[in-house]
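The structure appears right after this line, and notes come after that.
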Number of protein chains: 2
Amino acid sequence: MDLQVQFGKRVRELRLAKGLSQEALALKAEVDRTYMTSVENGKRNVAIQNIGKIIAALDISIQDFFNSEIFTIK
Amino acid sequence: MDLQVQFGKRVRELRLAKGLSQEALALKAEVDRTYMTSVENGKRNVAIQNIGKIIAALDISIQDFFNSEIFTIK
DNA sequence: TAAGTCAACGGACTATGAGTCACATCTGGA
DNA sequence: TCCAGATGTGACTCATAGTCCGTTGACTTA
């Protein structure tokens with residue numbers, strides 16, 4: 001599985017856990033709603049600045065964000 | 001401190017720990033030699049695919065890469 | 001001196017990510 | 001069945017990610 005796909009899955013997982021809509025999260029992260037959609041669906045090769053914005057909007061540390069079995073090598 | 005700067009510091013730290021030159025790491029990660037220089041110096045807004053390539057070239061898991069005090073929020 | 005390795009930088013170029021839009025589709029509730 | 005909020009998609013512009021050529025300076029070893 002592609003890292004950008006794993007990233008999207010992790011974002012979606014954490015967003016849903018917080019009960020937020022894509023639009024609400026996008027607003028908080030200061031990105032476009034449709035951009036957030038394509039990120040979650042693994043369609044975008046997101047750059048690190050936006051990765052930082054999105055993780056911050058999820059109220060989680062970088063460490064905790066990536067410390068998930070989603071990112072385990074297979 | 002910017003996430004792309006933190007990323008560069010972490011890459012350099014791990015590269016030096018392995019005794020590799022920038023060129024050797026760049027070759028292994030299949031990115032350009034001059035690109036690796038600017039990444040380490042925090043000049044590049046690296047996209048997640050290249051983040052994955054570089055971390056893989058460092059022979060470390062995603063989890064371990066980001067589980068560093070370098071990425072602690074200040 | 002010379003010759004080698006390495007890090008950093010720059011110019012010019014191509015590929016692609018960022019950011020946005022109109023529109024379509026899905027979903028649950030009234 | 002209808003509606004409204006939520007999600008998905010294709011296409012587009014423009015900035016920049018990323019490559020490829022070369023040079024320079026610091027350091028080391030012969």
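Just so we're on the same page: letters track the sequence lines, and every chain starts at 1. Nothing here was measured: the structure is a model prediction, and the numbers come from that model. Atoms considered below: every heavy atom in the structure, side chains included; atoms not considered: hydrogens, waters and symmetry mates.
- Of the residues Leu14(B), Leu25(B), Leu27(B), the one that meets the side chain to side chain contact (heavy atoms under 4.5 Å, CB included) test with Leu20(B) is Leu25(B).
- Residue Ser38(B) is out of contact with every strand shown, counting any heavy-atom pair closer than 4.0 Å.
- Taking atom CG of residue Asn41(B) and atom P of nucleotide dA8(C), one finds them 5 Å apart after rounding to whole Å.
- Using a 4.0 Å heavy-atom cutoff across all strands shown, Val31(A) reaches no nucleic acid atom at all.
- To the nearest angstrom, C1' of dA11(D) lies 17 Å from OH of Tyr35(A).
- In this entry the distance linking CE of Met36(A) with C1' of dG19(C) reads 13 Å, nearest Å.
- Rounding to whole angstrom units, CZ of residue Arg44(B) and P of dC9(C) are separated by 12 Å.
- One atom, CD of Glu23(B), and another, C1' of dA8(C), lie 13 Å apart when rounded to the nearest Å.
- Residue contacts for Asp32(B): at a heavy-atom cut-off of 4.0 Å it reaches a base atom on one of the strands shown.
- For dC9(C), the base has no donor-acceptor partner in the side chain of Thr37(B) [N/O atoms by modelled type, under 3.5 angstrom].
- Across all their heavy atoms, Ala26(A) and Arg33(A) have their closest contact at CB-CA, 3.8 Å.
- DNA chain D lies under 4.0 Å from no heavy atom of any residue of residues 48-55 of chain A.
- Each of dG22(D), dT7(D), dG18(D) was ranked by its minimum atom distance to the side chain of Arg33(B); first place goes to dG22(D).
- When rounded to the nearest whole Å, the span between CD of Gln22(B) and C1' of dT5(C) equals 12 Å.
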